[in-house]
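To start, the structure itself, in structure tokens.
In the text below, chain A, chain B and the rest are named by the order of the sequence lines, each starting its count at 1.
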Amino acid sequence: KAGVTQTPRYLIKTRGQQVTLSCSPISGHRSVSWYQQTPGQGLQFLFEYFSETQRNKGNFPGRFSGRQFSNSRSEMNVSTLELGDSALYLCASSVDGEKLFFGSGTQLSVL
Amino acid sequence: GEDVEQSLFLSVREGDSSVINCTYTDSSSTYLYWYKQEPGAGLQLLTYIFSNMDMKQDQRLTVLLNKKDKHLSLRIADTQTGDSAIYFCADGTGGFKTIFGAGTRLFVKA
């Protein structure tokens, strides 16, 4: 069974730009969660989707948004990038929101 | 709010046992987890315990849960250099949101 796939693996953007990250979950998993990982803040929960509905979200500004498609694939978007958005963005899939299986992440650098 | 705390570093000799400790605050936890992260990789689910269990053993891994004290531990028997990584304790809060500790960096000396 293929694991969670995140694309792209690395991304370099400049301040003010926007970015879209993609996540393909494990086949049969309907829940997708997104996390931001930084050395200073650790793993911070962004949001969770199940069957195209957002069931929970973390404390991030509205610049961070996400969506999930009918095939369970998910995207997250960050608009008006700031230097502090530089981080490893991790996507995780699961059957029901528990027992998360993570992708390798997208390393975003904002210059 | 929910919080998970764990010590940041642990150093052990190869062949010894490692014990990583964690405390959590949420009373409605369903599952508690241990994840492992190696450099440049995402998190790998190592093991988990249901909140009504006291102990779970899985090969070299033993998880102990003290629900009264909200304390979780992970014991790795016969620790090997390949076990060097960051270990995260996580609380499945039951609200479609898993909260992670800051991670314990395990150093294994040969």
Side-chain angles (χ1 to χ4, degrees), chain A residues 1-7 9-10 21 23-26 29-60 66 68 74 87-107, chain B residues 1-9 20 22-26 28-53 56 58 61 63 65 72 74 85-106:
Chain A
K1 214 178 203 182
V4 178
T5 303
Q6 290 189 246
T7 56
R9 186 73 178 90
Y10 301 95
L21 311 182
C23 173
S24 293
I26 292 170
H29 286 190
R30 294 165 67 188
S31 168
V32 173
S33 302
W34 288 90
Y35 287 82
Q36 181 195 66
Q37 186 178 27
T38 59
Q41 297 295 314
L43 276 150
Q44 299 291 313
F45 172 77
L46 281 155
F47 24 67
E48 190 263 1
Y49 288 88
F50 183 88
S51 292
E52 302 179 70
T53 299
Q54 186 183 87
R55 297 194 295 188
N56 207 337
K57 63 178 295 211
N59 296 323
F60 278 82
Q68 187 181 33
S74 178
L88 179 66
Y89 289 88
L90 291 164
C91 163
S93 77
S94 69
V95 171
D96 55 4
E98 300 278 3
K99 306 186 200 77
L100 305 182
F101 291 85
F102 283 82
S104 298
T106 294
Q107 184 69 54
Chain B
E2 310 107 345
D3 194 20
V4 176
E5 292 194 357
Q6 54 184 127
S7 53
L8 295 183
F9 298 99
I20 303 171
C22 164
T23 56
Y24 61 98
T25 59
D26 185 17
S28 60
S29 305
T30 48
Y31 292 98
L32 294 139
Y33 305 94
W34 286 101
Y35 285 83
K36 176 183 180 182
Q37 187 176 34
E38 296 182 87
L43 277 69
Q44 173 195 352
L45 177 60
L46 272 182
T47 187
Y48 61 91
I49 188 166
F50 191 55
S51 57
N52 68 354
M53 295 172 65
K56 179 179 180 181
D58 187 357
L61 305 178
V63 178
L65 174 60
L72 184 73
L74 173 69
I86 302 176
Y87 291 80
F88 291 90
C89 172
D91 177 3
T93 62
F96 316 120
K97 172 179 156 182
T98 300
I99 303 297
F100 289 82
T104 299
R105 190 177 293 270
L106 175 64

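Counting non-hydrogen atoms of other residues, nucleotides and ligands closer than 6.0 Å to CG of B:N52 gives a total above 12.
Among residues 87-98 of chain A, the residues having any heavy atom closer than 4.5 Å to a heavy atom of chain B are, in sequence order, A:L88, A:L90, A:D96, A:G97, A:E98. Using non-hydrogen atoms only and a strict 4.5 Å limit, the part of residues 49-57 of chain A facing chain B consists of A:R55, A:N56.
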Which donor-acceptor pairs under 3.5 Å do side chains of residues 94-105 of chain B form with protein atoms, sequence neighbours excluded?
from	atom 1	to	atom 2	distance (Å)
B:T104	OG1	B:Q6	NE2	2.9
B:T104	OG1	B:S7	O	2.4

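Between chain B and the residues A:G105, A:G42, A:S104, the largest count of heavy-atom pairs under 4.5 Å involves A:S104.
Put simply, the residue from A:F101, A:Y35, A:F102 that forms a ring-ring contact (aromatic ring centres under 6.0 Å, His included) with B:Y35 is A:F102.
Scored by the side-chain contact (heavy atoms from CB on, under 4.5 Å) test, B:T23 finds B:E5, B:H71 as partners (sequence neighbours excluded).
No part of B:Q44 comes within reach of chain A, as not one of its non-hydrogen atoms sits under 4.5 angstrom from that chain. Using a 4.5 Å cut-off between heavy atoms, A:F47 makes no contact with chain B at all.
Nearest heavy-atom pair across B:F88 and A:Q37 is CZ-NE2, 3.7 Å.
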